[in-house]
Enquirer: 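Below: one structure in structure tokens.
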Amino acid sequence: MNPIVEFKNVSKAFVGRNGGVQKVLDSVSFTIAPGCTTVIAGGSGQGKSVTLKLMLRLLQPDEGVITVDGQDINSIGSKKLADVRTKFGVLFQGAALFDSMPVYDNVALPLRERTKMTEQEIRAQVSETLEKLELLGHEEKFPAQLSGGMQKRVGLARALQLKPEIMLFDEPTTGLDPVMTDEIYRLFARTQKNIGYASVIVSHDIPKVFNLADQVIVLDGGKIDVFANPEEIQWSEKKHIQEFVRTTMGEIYQSCNTEGR
Amino acid sequence: MFIVSGESWGRIIFTMAFKALQTLGDSTIYTVRDLGRMAVFLYHGLVGVFKRPFRGYELLRQIKFIGAGSLVVIFCVSASTGMVLGLQGYYSLHKFGAEGTLGSVVSLTLIMELGPVLTALMVAGRAGSAMCAELGIMRISEQIDALECMAVDPFRFLISPKFLAAVFVVPLLTALFDVIGIFGGYIAGVKLMGVSSGSYLQGMMSSVTNHDLQLGFVKSVVFGLLLVWICTGRGYFVREIRGAGFGAESVSRVTTQAVVMTSIAVLVFDYLITAVML
Ligand SMILES: Nc1ncnc2c1ncn2[C@@H]1O[C@H](COP(=O)(O)OP(=O)(O)O)[C@@H](O)[C@H]1O
Ligand SMILES: [Mg+2]
């Protein structure tokens, strides 16, 4: 199957405030297949969010090629770029809701701006999504009046409106309590089954998120390691991966043990 | 105690000169980049006005915010400016027995200079700062990124309606400023100081030409564009601005900077337009 997203030898560096150059990605290559779930893991500041922004051309790579559905996104015009971007649904790290609009308008915005649907059809579709995400009754509230978990769900509802082929989740559960975290992941699994999108999840919830993963990408010091499945990671020879396994996989066994009890 | 040989003195001076040169070069590159960014921003903001679908409701909202929202401020400032002009003008002209020209002095000063400049400064302080902060917050909370991800053009959606509203509303507010100011001058000069009503009005009508009105109009349009351009642009580029810092603080710094820059730009362009058109 042709990959939906492909990174070929992509490098990205930032010039720091004091003139120093910080290499965030160093000749990184990977692919994402349609319908699959990819987990991106790695410490804070290792370039996880940058990787997602590169896919959307919110940032441009210094070197290398990024293709979406076979198109090099950094050499297309603004019209084609708009088409490429509508293949994506994005849940930002901070939900990025439009905070001067109520929930309903937030969720309806992509439909109003990008489709020719009538207001009635929009209302039907938005209500359906809000119901699935257990947000009915909150349509008139503003984002600031919602809890963190609700904001994330509104963000998810908004991202789902244009029927994305690929969903990007940037730390969807950071700052949420464990109960809410479980609920969010159940929601992902359910919506993914319904809609059939590919998804890329940046997350620190290693044990929980690994259960969903078809592929795991570990970012460290500008280099990546790609694993076809979570089990492979445990048998890696590389030192920093072993370190990674030791600090994170411990939690898996712990959580297995507690579940077993 | 240090003993510094001639050779290392030379080295110290060389290093300092090199540092100074480097700083100068950095600032130059930054300034050129910043100007380029702002120029591209202006272009997109203007082009966005013609992009479909047109955001009519947003335009009305902005007109209400920039225009109706500024009425009280404009009223207070123009009335007091006009009255001060009337009083001050009366005392100066009285010395030469030329009180009869008060109407012409007040109206020309307001129409050609004070009306456009003070209106622009007031709107920049009230609405410009708010637009800058709004865009700055939308930028740092990734709302602008979110718009781009939905393939919604942030210029058409957010910025061009503000451009259009400002260019439409600032001349109207300026006209209002002029009228209230002239009326304020009338109250101070005629009602309080006893200049004859006929000579005040006659002086105004005979001295104000079409060209003076055009000058005031051109100024108000240019100032409206300048203020909306600088204020929205600074907010939009809050991440790129050197020394702005991060987060809430960056937005506050950039907002202050935007109002200061707008004020300076208005005064500079005031001189330039006067020099070219007068
Ligand atoms: N726009 C930017 N300008 C400069 N540096 C940036 C920018 N975006 C990210 N960085 C830097 O790149 C590194 C990776 O950032 P990010 O991808 O956000 O990390 P994370 O993996 O925690 O999501 C960080 O060290 C950050 O300082
Ligand atoms: Mg991040």
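Below, read A as the first sequence line, B as the second, and so on, with proteins coming before strands; counting in each chain starts at 1.
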Enquirer: What part of B/Arg52 gets within 4.5 angstrom of chain A, counting heavy atoms only: side chain, backbone, both, or neither?
Expert: neither
Enquirer: At a 4.5 Å cut-off on heavy atoms, which part of A/Asp83 comes close to chain B: side chain, backbone, both, or neither?
Expert: neither
Enquirer: Who wins among A/Leu81, A/Thr86, A/Leu109 for the most heavy-atom pairs under 4.5 Å with chain B?
Expert: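 Going by pairs under 4.5 Å, I would pick A/Leu109.
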Enquirer: Working note: A/Tyr185 + A/Phe169, criterion ring-ring contact (aromatic ring centres under 6.0 Å, His included); need CA distance, chi angles, decisive distance, verdict.
Expert: CA-CA 11 Å; A/Tyr185 283 126; A/Phe169 301 101; 8.6 Å; no
Enquirer: Look at A/Lys53 together with B/Glu142 and state whether they make a salt bridge at an N to O cut-off of under 4.0 Å.
Expert: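 So A/Lys53 pairs with B/Glu142 through a salt bridge.
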Enquirer: Can you tell me which portion of B/Ile144 sits under 4.5 Å from chain A's heavy atoms? Options are side chain, backbone, both or neither.
Expert: neither
Enquirer: Do you know which of B/Cys149, B/Ser141, B/Pro53 has the most heavy-atom pairs with chain A at a distance under 4.5 angstrom?
Expert: B/Cys149
Enquirer: Check whether A/Arg158 gets within reach of chain B through its side chain, its backbone, both or neither, counting any heavy atom under 4.5 Å.
Expert: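 Contact with chain B is through the side chain of A/Arg158 alone.
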Enquirer: Think B/Arg156 forms a cation-pi with B/Phe54, using NZ or CZ under 6.0 Å from the six-ring centre and within 45 degrees of its axis?
Expert: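 No, B/Arg156 and B/Phe54 do not form such a contact.
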Enquirer: Counting heavy-atom pairs under 4.5 Å with chain A, which one of B/Asp26, B/Ile137, B/Leu147 comes out on top?
Expert: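 Looking at each of B/Asp26, B/Ile137, B/Leu147 in turn, B/Leu147 comes out on top.
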Enquirer: Is the number of heavy atoms from other residues, nucleotides or ligands within 6.0 Å of CZ (B/Phe75) greater than 12?
Expert: no
Enquirer: Does the ring of A/Tyr104 carry A/Arg123 above it, NZ/CZ under 6.0 angstrom from centre and within 45° of its axis?
Expert: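 Yes; both conditions hold, so A/Arg123 lies above the ring face of A/Tyr104.
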Enquirer: Quick check for you: among A/Ala95, A/Ala96, A/Gly89, which has the greatest number of heavy-atom pairs under 4.5 Å with chain B?
Expert: A/Ala96
Enquirer: Heavy-atom cut-off 4.5 Å, strictly under: side chain, backbone, both or neither for A/Leu97 against chain B?
Expert: backbone
Enquirer: Answer yes or no: is there a donor N or O on one side and an acceptor on the other, between the side chain of A/Arg85 and the main chain of B/Ala151, under 3.5 Å?
Expert: no
Enquirer: Find out whether B/Phe157 and B/Glu58 are in side-chain contact, i.e. whether some heavy atom of one side chain is under 4.5 Å from a heavy atom of the other.
Expert: no
